[in-house]
Amino acid sequence: MAQRPERADALRNREAVLAAADALFATSSTPDSVSMDDIASAAGVGKGTLFRRFGDRAGLIGAVIASRLAPLQQAVQDVQDVPDAAASSPRQRVLSLLDASLRFKIENRNLMSAAEDAGLSSPYQAEHYGWWHGIVRAALEQVPEVQAADFTAHALLAALRADLVAHLIDDQKMTPEDLRSSLAAHIGNVLGSSPDPLAPRKEA
């Protein structure tokens, strides 16, 4: 049986909830400070609507993350679309991919920290993590010196945990550019040589 299209009012409510949650997490001092009551109030819907639609807070956070993934997916596509002959090196491709992930984490650090705190199953079982790990693992498999691409992908992604990114930027006052440069140095240490310097980029 074909699935019925979503009612217009239900679709509007969903978009309002996702937009409200996204804005609240972006401006919150800590992820824990954003409650379901806050999101319902900001979206102009009843709290029951949130639970019927998303199940629980973790489900809502997961839906917001899914709605925010398009820029990251486009950045990945841009890196993958560069022909092998035009790419600087397999190491540079790894750096470009992980830098895109870091920029996404910086821009969405409260939301991603909330996802980690909410225990969306395990962070390693979340759908977006599995997708991202596969992308990084495939890039690492093109680096001749890497002997354990699967583990190395996990290890490199561990350096991009949202709680670490938030701690370094919000508590240690590290600038996004310094954090990106430090990631590039870390990747160089892991892979055995330094990739090309990153192009300057302003971050939120």
Side-chain angles (χ1 to χ4, degrees), residues 11-47 49-78 97-136 153-154 156-180 182-183 201-204:
L11 181 59
R12 284 194 300 271
N13 284 344
R14 173 183 170 80
E15 292 174 346
V17 168
L18 294 178
D22 191 17
L24 287 171
F25 280 115
T27 58
S28 65
S29 56
T30 63
D32 290 340
S33 67
V34 179
S35 69
M36 294 290 270
D37 285 327
D38 293 333
I39 295 170
S41 177
V45 301
K47 186 176 178 180
T49 298
L50 270 60
F51 287 100
R52 286 192 299 272
R53 185 75 192 218
F54 302 100
D56 56 18
R57 188 171 184 269
L60 173 55
I61 292 170
V64 178
I65 291 173
S67 73
R68 295 284 289 164
L69 283 177
L72 177 58
Q73 291 168 335
Q74 183 59 56
V76 170
Q77 190 64 54
D78 290 344
L97 289 169
L98 289 171
D99 183 63
S101 180
L102 176 59
R103 288 187 276 110
F104 178 81
K105 290 290 184 73
I106 290 172
E107 293 163 1
N108 299 280
R109 57 189 179 274
N110 282 347
L111 174 62
M112 299 306 294
S113 292
E116 292 173 0
D117 292 343
L120 294 175
S121 61
S122 157
Y124 307 108
Q125 295 175 11
E127 183 177 354
H128 65 271
Y129 182 88
W131 166 75
W132 190 235
H133 174 266
I135 294 289
V136 175
H154 284 301
L156 287 172
L157 289 173
L160 302 180
R161 277 186 58 94
D163 55 355
L164 176 59
V165 171
H167 170 69
L168 292 174
I169 290 181
D170 298 327
D171 299 332
Q172 298 296 314
K173 307 305 179 186
M174 195 173 192
T175 68
E177 290 305 320
D178 285 344
L179 186 50
R180 293 178 66 212
S182 296
L183 174 66
R201 182 185 179 105
K202 293 183 179 181
E203 301 295 347

Minimum side-chain heavy-atom gap V76-W131 below 4.5 Å: yes
Student check: side-chain heavy atoms of L50 and D56 closer than 4.5 Å: no
Side-chain touch V64/I61, heavy atoms, less than 4.5 angstrom: no
Under 3.5 Å: donor-acceptor pair, side chain of R57, backbone of A114: no
Point-to-point distance, once rounded to the nearest 0.5 Å, from CD1 of I135 to CG of L98: 11.5 Å
Heavy-atom pair with the smallest gap, counting every atom of L18 and S67: CD1-CB, 4.3 Å
Beyond-backbone contact of H154 with Y129, side-chain heavy atoms, under 4.5 angstrom: yes
Least distance between heavy atoms, M174 atom then S182 atom: CE-OG, 3.2 Å
Pairwise distance NZ(K105) to CG(L111) - rounded to 0.5 angstrom: 10.5 Å
Shortest non-hydrogen contact from A26 toward N110: O-ND2, 4.0 Å
Within residues 16-45 or reaching into it, pairs that qualify as salt bridge (charged side-chain N to carboxylate O under 4.0 Å, His left out) - sequence neighbours excluded: D22-R68, D37-K47
Between OG1 on residue T49 and CG on residue N13, distance to nearest 0.5 Å: 6.0 Å
Pairwise distance CZ(R14) to CG(L60) - rounded to 0.5 angstrom: 9.5 Å
Taking every non-hydrogen atom, the tightest pair across F54 and V17: CE1-CG1, 3.5 Å
CG-CG distance between L156 and L97, expressed to the nearest 0.5 angstrom: 11.0 Å
Under 3.5 Å donor-acceptor, S28 side chain and F25 backbone: yes
Minimum heavy-atom distance between V34 and L24, given as atom pair plus value: CG2-O, 3.7 Å
Where L164 and A159 come nearest, the two heavy atoms and their spacing: CD2-O, 3.5 Å
Non-hydrogen side-chain atoms of P71 and E107 separated by less than 4.5 Å: no
Nearest-0.5 Å distance, CG of residue L160 to CG of residue D99: 9.5 Å
Solution key, residues 165-173 side-chain donor-acceptor pairs under 3.5 Å, sequence neighbours excluded:
residue : atom : partner : partner atom : Å
H167    : ND1  : D171    : OD2          : 3.2
H167    : NE2  : Q172    : NE2          : 3.4
D170    : OD1  : R109    : NE           : 3.2
D170    : OD1  : R109    : NH2          : 3.2
D170    : OD2  : R109    : NE           : 3.2
K173    : NZ   : D170    : O            : 2.8

